[in-house]
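Note sheet for the following structure.
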Amino acid sequence: MEVGYAAWMKLDLDRTLVTRAQIDARIGELAGDLDRALHGVTDRGESVAMVAVMTGALVFAADLIRRLPLKMSLHLVSASSYPGPATESVGEPVVGWLGSSGGPSDLAGRHVLVVDDILDSGRTLRAVTRMVKEAEPASVQTVVLLDKAERRAVEFEADHVGFAIPDEFVVGYGLDYDGYYRNVPEICTLRREVIDGGSAGGGA
Ligand code: IMP
Ligand code: MG
């Protein structure tokens with residue numbers, strides 16, 4: 001597949017860790033796994049509630065829902081853990097429901113699939129799944145595109161993982177540095193100078 005990088009992207013990016021072709025193939029496999037994992041519940045006529053963690057999971061969730069033939073509703077939560085231009089989260093993330101897309105009253109007794117871009121320290125997904133469980137859903141599963149297992153600071157594992165990646169800060173396909181690079185088409189590392197000189201800064 002032909003993937004285009006804008007000139008400014010080429011200046012700031014270092015290497016591609018996961019290509020578009022790899023992402024597309026893996027999302028197809030994940031969709032199959034998730035369909036099977038959630039099949040029992042949908043067989044009984046129940047729908048699934050997808051909870052996507054903004055903003056990083058926006059691109060992944062958008063691609064994933066188009067490959068998932070389940071009957072489902074989509075709910076958004078916000079989570080932010082970076083104080084500014086940073087590549088590491090500090091402390092507990094602040095999480096909350098976004099907009100009127102659902103929220104706690106819609107999740108009681110439902111089967112929930114939480115979607116995030118990357119599992120790093122584990123604090124974000126731990127906080128989000130805690131919040132989801134307060135709504136008393138029937139079940140909760142989690143799926144992440146990327147997993148930096150060696151950086152885990154709290155005990156948390158995702159039920160479904162796209163790619164295990166090494167301990168490197170990555171951008172693209174929804175992931176940002178200081179709010180930028182989400183539109184980079186593949187999962188890439190940034191040049192050291194961009195992070196060191198960082199005027200860019202952290203989203204979620
Ligand atoms: P955790 O709470 O430390 O597990 O971090 C999870 C959140 O931090 C993710 O939802 C991402 O938004 C962000 N994050 C963690 N690692 C990276 C990265 O390498 N690049 C961009 N964002 C990241
Ligand atoms: Mg995030």
Side-chain angles (χ1 to χ4, degrees), residues 9 12-19 22-23 30 50-64 74-99 101 112-133 140-196 198-204:
M9 293 178 184
D12 288 0
L13 298 171
D14 183 16
R15 336 188 295 289
T16 303
L17 279 194
V18 190
T19 67
Q22 289 173 316
I23 294 169
L30 282 174
M50 179 186 278
V51 172
V53 184
M54 293 294 105
T55 306
L58 187 144
V59 178
F60 176 43
D63 278 349
L64 189 61
L74 179 60
H75 312 263
L76 307 179
V77 299
S78 64
S80 54
S81 39
Y82 297 173
T87 56
E88 296 199 21
S89 55
V90 285
E92 282 304 304
V94 178
V95 297
W97 295 99
L98 269 177
S101 66
V112 175
L113 176 64
V114 178
V115 182
D116 205 0
D117 52 356
I118 188 166
L119 186 51
D120 187 19
S121 74
R123 289 190 186 96
T124 299
L125 270 184
R126 184 179 65 171
V128 170
T129 52
R130 273 182 186 161
M131 186 176 75
V132 165
K133 283 175 182 169
V140 182
Q141 294 191 43
T142 52
V143 58
V144 292
L145 180 67
L146 306 170
D147 184 4
K148 291 200 260 189
E150 52 192 289
R151 285 188 37 92
R152 206 75 82 247
V154 301
E155 221 171 281
F156 191 95
E157 296 307 326
D159 299 302
H160 308 269
V161 173
F163 301 92
I165 61 164
D167 178 8
E168 289 190 78
F169 192 79
V170 291
V171 295
Y173 196 69
L175 290 102
D176 76 304
Y177 174 62
D178 199 17
Y180 293 99
Y181 307 105
R182 294 196 198 275
N183 57 335
V184 167
E186 306 186 296
I187 304 292
C188 301
T189 58
L190 279 173
R191 285 192 209 280
R192 195 68 245 172
E193 311 87 84
V194 175
I195 293 172
D196 289 344
S199 63

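Indexing begins at 1, ligand by ligand and atom by atom, following the structure's order.
When each atom of ligand 1 is checked for a heavy atom of R123 under 4.0 Å away, the hits are 2 (O), 4 (O). The distance from ligand 1 to the heavy atoms of D116 drops below 4.0 Å at these ligand atoms: 10 (O). Ligand-side atoms of ligand 1 in range of S121: 1 (P), 2 (O), 3 (O), 4 (O), range being under 4.0 angstrom from any heavy atom. Distances below 4.0 Å separate heavy atoms of D120 from the following atoms of ligand 1: 1 (P), 3 (O), 4 (O), 5 (O), 15 (C), 16 (N). Atoms of ligand 1 found under 4.0 Å from any heavy atom of L175 (numbered from 1 in listed order, with element): 20 (N), 21 (C), 22 (N).
Under a 4.0 Å N-O distance rule, the pair E155/R126 does not qualify as a salt bridge.
With a heavy-atom cut-off of 4.0 Å, K148 touches ligand 1 through its side chain alone. Contacts with ligand 1 closer than 4.0 Å are made by heavy atoms of both the backbone and the side chain of T124. With a heavy-atom cut-off of 4.0 Å, I118 touches ligand 1 through backbone and side chain alike. The backbone of D176, and not its side chain, has at least one atom closer than 4.0 Å to an atom of ligand 1 (non-hydrogen atoms only; backbone = N, CA, C, O).
Heavy-atom separations between G56 and ligand 1 are all 4.0 Å or longer.
No donor-acceptor pair under 3.5 Å is formed between the side chain of R182 and the backbone N or O of Y173. For T142 (side chain) and D159 (main-chain N/O), a donor-acceptor pair under 3.5 Å exists by modelled atom type. A donor-acceptor pair is defined here as one N or O able to donate and one able to accept, closer than 3.5 Å; no such pair exists between the side chain of R192 and the backbone of D196.
The residue from G122, G172, S80 that puts a heavy atom closest to atom 4 (O) of ligand 1 is G122.
The NZ atom of K148 lies 6.5 Å from the CZ atom of F169; values are rounded to the nearest 0.5 Å.
Side-chain contact between V114 and V77: absent, with no pair of heavy atoms (C-beta onward) separated by less than 4.5 Å.
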Quick one: do L175 and L146 satisfy side chain to side chain contact (heavy atoms under 4.5 Å, CB included)? Show the steps, please. CA-CA 10 Å; L175 290 102; L146 306 170; 4.0 Å; yes

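Backbone and side-chain nitrogen or oxygen atoms of V171 are examined, and none is located within less than 3.5 angstrom of a nitrogen or oxygen of ligand 1. Between V170 and ligand 1, a contact under 3.5 Å exists for at least one N or O pair.
Between D176 and G179, the shortest heavy-atom distance links the atoms OD2-N, 2.7 Å. Here the shortest heavy-atom pairing between G172 and I187 reads O-CD1, 3.7 Å.
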